[in-house]
Undergrad: 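My structure is below; once you've seen it, I'll send some questions.
Any value given below was found using the heavy atoms of this structure, including those in side chains, with hydrogens, waters and symmetry copies removed. Chain naming here is simple, since letters A, B, ... match the order of the sequence lines and numbering starts at 1 in each.
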2 protein chains.
Amino acid sequence: MQRVTIADVARRAGVSTATVSRALSGGRKVSDEVSERVHRVARELGYAVNPIARALRVSRTDTVGMVVPSIRNPFFTALVESVEHALGAEGKELLLCDAQSDPRVEASRLEALVTRNVDGIIVSPCHGTDSAPAVQRTADRLPLVQLDRFVGGTSTDWVGVDDLAAMRAVLDHVHAGGARSAAYLGARLTNSSSELRHTGFHRRAEELGLTVDPQWIQLGEYSVDWGERAVATLLEQGELPDALVCADDLIALGATRACRMHGVPVPERTQITGFDNIEFTRLAEPPLTTVAQPTDRIAAEAVRLLGDAANGTDTPRDAAHVALVPKLVVRSSTRGN
Amino acid sequence: MQRVTIADVARRAGVSTATVSRALSGGRKVSDEVSERVHRVARELGYAVNPIARALRVSRTDTVGMVVPSIRNPFFTALVESVEHALGAEGKELLLCDAQSDPRVEASRLEALVTRNVDGIIVSPCHGTDSAPAVQRTADRLPLVQLDRFVGGTSTDWVGVDDLAAMRAVLDHVHAGGARSAAYLGARLTNSSSELRHTGFHRRAEELGLTVDPQWIQLGEYSVDWGERAVATLLEQGELPDALVCADDLIALGATRACRMHGVPVPERTQITGFDNIEFTRLAEPPLTTVAQPTDRIAAEAVRLLGDAANGTDTPRDAAHVALVPKLVVRSSTRGN
DNA sequence: ATGAAAGCGCTAACAC
DNA sequence: GTGTTAGCGCTTTCAT
């Protein structure tokens with residue numbers, strides 16, 4: 001398949017290739033008449049710019065790379081979808097990579113993206129410390145924004161939600177629903193959101209005077225299985241607290257299931273909350289109260305930051321930390337309000 | 001950031017750029033001694049090939065484009081993940097596009113991928129007829145394989161599961177579980193899998209002598225909401241049949257929920273089956289019997305076909321249709337076996 | 001086995 | 001306002 005090049009158009013329109021280039025993409029330095037002729041000829045010939053050649057020339061690919069810990073996690077899927085849409089609105093493409101929750105895979109994917117001359121990278125690092133070197137090294141070479149989570153010791157843009165505020169809202173809600181004691185079912189503190197949610201839980205629980213038995217702090221991983229096991233452990237230890245505050249929806253889904261299997265009525269005996277508002281929280285029995293992350297806004301901000309960094313002066317401006325305010329979605333797994 | 005080019009390596013190694021290129025990637029026409037020196041220098045300088053420049057030269061990008069109807073649907077997410085992994089194993093990258101279930105968006109994304117010189121395209125067309133022109137036009141210009149669904153009137157490679165065999169397995173199973181009548185909750189017949197599953201249902205139901213009231217055939221869309229509404233409609237019409245065979249898991253999840261809300265015991269009063277084996281079928285109450293699609297195999301086959309088409313002689317070989325055998329996953333929403 | 005040189009398609013100086 | 005030309009970084013003849 002022979003592709004139509006700019007030279008073909010130039011020949012047919014009786015102008016130089018430079019004029020064609022200017023007429024089709026460049027600044028306004030072409031007479032209306034010529035411009036119109038060029039456009040017409042281009043259309044007739046079915047000309048389309050060759051992005052590879054353009055990229056080689058201007059070193060810009062109109063492509064953004066994204067690396068997520070696991071595309072399997074519905075929250076990241078939602079994030080990917082939002083980013084894809086935000087990018088599409090700007091005529092940019094998305095190069096998607098799955099880190100398989102492994103910092104080494106993540107590092108190699110980041111390297112591949114740099115090599116490919118993407119214009120910027122959006123990454124949700126899988127580990128708070130192990131991911132740091134690769135993220136920093138990448139950020140030194142390209143515009144990069146971290147999404148949702150961020151690694152320690154780096155200074156890149158970040159956009160996500162205010163985890164502390166979210167936990168405050170969650171605890172206030174279950175407290176209003178009558179809870180006087182609470183457990184926290186979370187993930188090991190290997191990344192920023194895990195830490196912040198954990199911190200936020202303790203801080204607000206103390207302020208509200210909730211009872212928090214150290215045994216009720218269960219840190220594992222973001223999975224349904226872990227949620228189930230955590231509840232089983234709690235039950236073996238004795239009475240359940242009035243609320244099970246979970247660090248994400250997967251854990252909450254698991255906890256809900258465990259309660260149902262052990263005959264613990266939710267929310268009568270204990271309230272359960274999740275985090276992320278993934279689609280299937282609606283379908284749980286009972287439907288889950290959770291924290292909605294504004295993925296579209298997060299994605300839009302990230303894309304905007306990437307653009308700023310690319311167009312900005314080369315003077316490295318301060319890193320932006322954009323914390324959006326999450327919204328509590330109240331369903332029937334809690335009694336508040 | 002100055003990138004190291006092949007010229008830098010050549011200079012430092014005291015050879016020509018051609019030799020560097022040959023030593024690093026080309027055929028074996030370099031003496032061991034020189035080759036070794038080049039490799040060493042390249043490593044020292046941190047040289048990495050510029051894929052843009054190479055692509056311009058060889059018109060191959062080592063990038064595959066993928067277009068899915070909706071990345072929100074967990075089944076397609078699983079497919080994307082599988083494709084991403086299969087590609088990663090070959091050092092290829094994935095350019096992901098979401099068609100937003102709109103054939104026009106789909107067409108524009110396909111066009112964008114062609115323009116970007118991807119080496120091949122993997123597409124699960126959103127519509128059986130409306131998607132056809134764009135898919136065909138794309139396939140005329142690039143290696144293309146359709147996944148899961150295929151559009152009518154085209155002759156491109158396709159890989160998916162044997163929908164008829166799947167439906168046979170499903171019906172045999174609920175029949176073994178005592179069902180003597182069955183409903184089909186599906187999607188409007190706008191794409192191939194919808195049609196085939198529908199056909200497969202009717203064909204086997206007849207062979208088994210199952211009662212199928214025309215009112216029990218409910219065609220809507222692949223969503224939880226539709227599953228709920230379909231069951232509501234069935235209930236308004238009268239007694240439920242012994243089995244509710246659903247065209248995908250989302251519908252089945254909705255149906256299960258509706259049954260729970262209306263106090264219909266599953267599987268005692270009616271059995272329910274899904275299709276795809278998305279992760280959340282495990283979490284339903286009761287956990288759903290469904291058909292597992294071998295997404296990893298599907299993806300591997302697709303990537304292989306793409307490679308064949310790219311390397312193959314230019315003689316257009318016959319289109320390959322690879323139908324993999326799906327597996328029935330029995331859980332507690334049915335009584336068979 | 002190695003080097004010189006052409007050129008993939010495009011854009012940005014630089015002339016006029 | 002428009003044309004000429006150099007060159008982005010690489011691979012690949014064609015010589016040697």
Side-chain angles (χ1 to χ4, degrees), chain A residues 1-39 41-42 45-63 91 112 114-119 141 310, chain B residues 1-39 41-42 45-63 91 112 114-119 141 310:
Chain A
M1 51 157 287
Q2 289 297 42
R3 268 183 59 150
V4 183
T5 76
I6 209 171
D8 299 323
V9 178
R11 207 173 308 118
R12 261 283 272 271
V15 295
S16 73
T17 58
T19 300
V20 174
S21 172
R22 282 193 281 253
L24 295 177
S25 50
R28 288 272 62 78
K29 289 173 165 322
V30 184
S31 73
D32 286 358
E33 184 213 324
V34 172
S35 172
E36 197 191 338
R37 187 160 79 245
V38 168
H39 275 98
V41 171
L45 264 39
Y47 170 78
V49 67
N50 180 335
I52 308 288
R54 188 215 285 276
L56 180 59
R57 185 58 236 238
V58 304
S59 37
R60 190 168 44 72
T61 51
D62 289 328
T63 302
V114 171
T115 294
R116 286 201 168 230
N117 274 355
V118 293
D119 295 341
R141 298 187 284 172
Chain B
M1 51 157 286
Q2 290 297 41
R3 269 183 59 152
V4 182
T5 76
I6 208 171
D8 299 323
V9 179
R11 206 171 310 119
R12 261 282 272 267
V15 296
S16 74
T17 59
T19 302
V20 175
S21 172
R22 281 193 280 254
L24 261 27
S25 48
R28 290 273 63 83
K29 287 176 166 324
V30 182
S31 72
D32 286 357
E33 183 212 325
V34 172
S35 172
E36 197 191 339
R37 188 163 78 244
V38 168
H39 275 98
V41 171
L45 264 38
Y47 170 79
V49 68
N50 180 335
I52 307 288
R54 165 184 279 164
L56 180 60
R57 186 58 236 243
V58 304
S59 40
R60 191 168 44 71
T61 51
D62 289 329
T63 302
V114 171
T115 294
R116 286 202 167 231
N117 274 358
V118 292
D119 296 342
R141 300 188 283 172

Undergrad: Which residues pass the side-chain hydrogen bond (donor to acceptor under 3.5 Å, both in side chains) test with B:T63, sequence neighbours left out?
TA: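 Partners of B:T63 by the side-chain hydrogen bond (donor to acceptor under 3.5 Å, both in side chains) criterion, ordered by chain and then number, come out as A:R116.
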Undergrad: What string of B, S and - do you get for nucleotides 6-12 of chain C 5' to 3' if you count protein non-hydrogen atoms under 4.0 Å?
TA: BBBBBBB
Undergrad: Of all residues at least two apart in sequence or in a different chain, which pass the side-chain contact (heavy atoms from CB on, under 4.5 Å) check with A:R57?
TA: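 Applying side-chain contact (heavy atoms from CB on, under 4.5 Å) to A:R57 gives none.
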Undergrad: Considering just the side-chain nitrogens and oxygens of B:T19, establish if one lies under 4.0 Å of OP1 or OP2 belonging to C:dG3.
TA: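 B:T19 to C:dG3 OP1/OP2: side-chain N or O found under 4.0 Å.
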Undergrad: Give the minimum heavy-atom separation between A:R3 and A:P51, together with the two atoms involved.
TA: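 It is NH2-CD, 4.3 Å.
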Undergrad: Short question: side chain of A:S25, backbone of A:S21 - any donor-acceptor pair under 3.5 Å?
TA: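 At least one qualifying donor-acceptor pair exists.
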Undergrad: Do side-chain atoms of B:R22 reach the backbone of B:V30 as a donor and acceptor pair under 3.5 angstrom?
TA: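 Pair absent, no side-chain N/O of B:R22 close to backbone of B:V30.
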Undergrad: Quick check: are there more than 12 heavy atoms from other residues, nucleotides or ligands sitting under 6.0 Å from CZ of B:R12?
TA: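 Atom CZ in B:R12 is not crowded, with 12 or fewer foreign heavy atoms closer than 6.0 Å.
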Undergrad: For A:S59, which residues count as a side-chain contact (heavy atoms from CB on, under 4.5 Å) partner, sequence neighbours excluded?
TA: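 Scan of A:S59 (side-chain contact (heavy atoms from CB on, under 4.5 Å), adjacent residues dropped) gives none.
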Undergrad: When you check the phosphate oxygens OP1 and OP2 of C:dT2, does a side-chain N or O of B:S16 lie under 4.0 Å from one of them?
TA: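 Checking B:S16 against C:dT2: no side-chain N or O falls below 4.0 Å of OP1 or OP2.
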Undergrad: B:E36 has an atom CD; how far is it from atom P of C:dT2, in whole Å?
TA: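 It is 13 Å, rounded to the nearest whole Å.
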Undergrad: B:R11 CZ to C:dA4 P: how many Å, rounded?
TA: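 B:R11 atom CZ is separated from C:dA4 atom P by 13 Å.
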Undergrad: Work out how much the helix from C:dA1-D:dT16 to C:dC16-D:dG1 bends between its end axes, five pairs an end, to the nearest 10 degrees.
TA: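 Here the helix ends are tilted 40° relative to one another.
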Undergrad: Residues two or more places apart in sequence or in another chain: which of them pass side-chain contact (heavy atoms from CB on, under 4.5 Å) with A:A48?
TA: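 Counting only residues at least two positions away or on another chain, A:A48 forms a side-chain contact (heavy atoms from CB on, under 4.5 Å) with B:T115.
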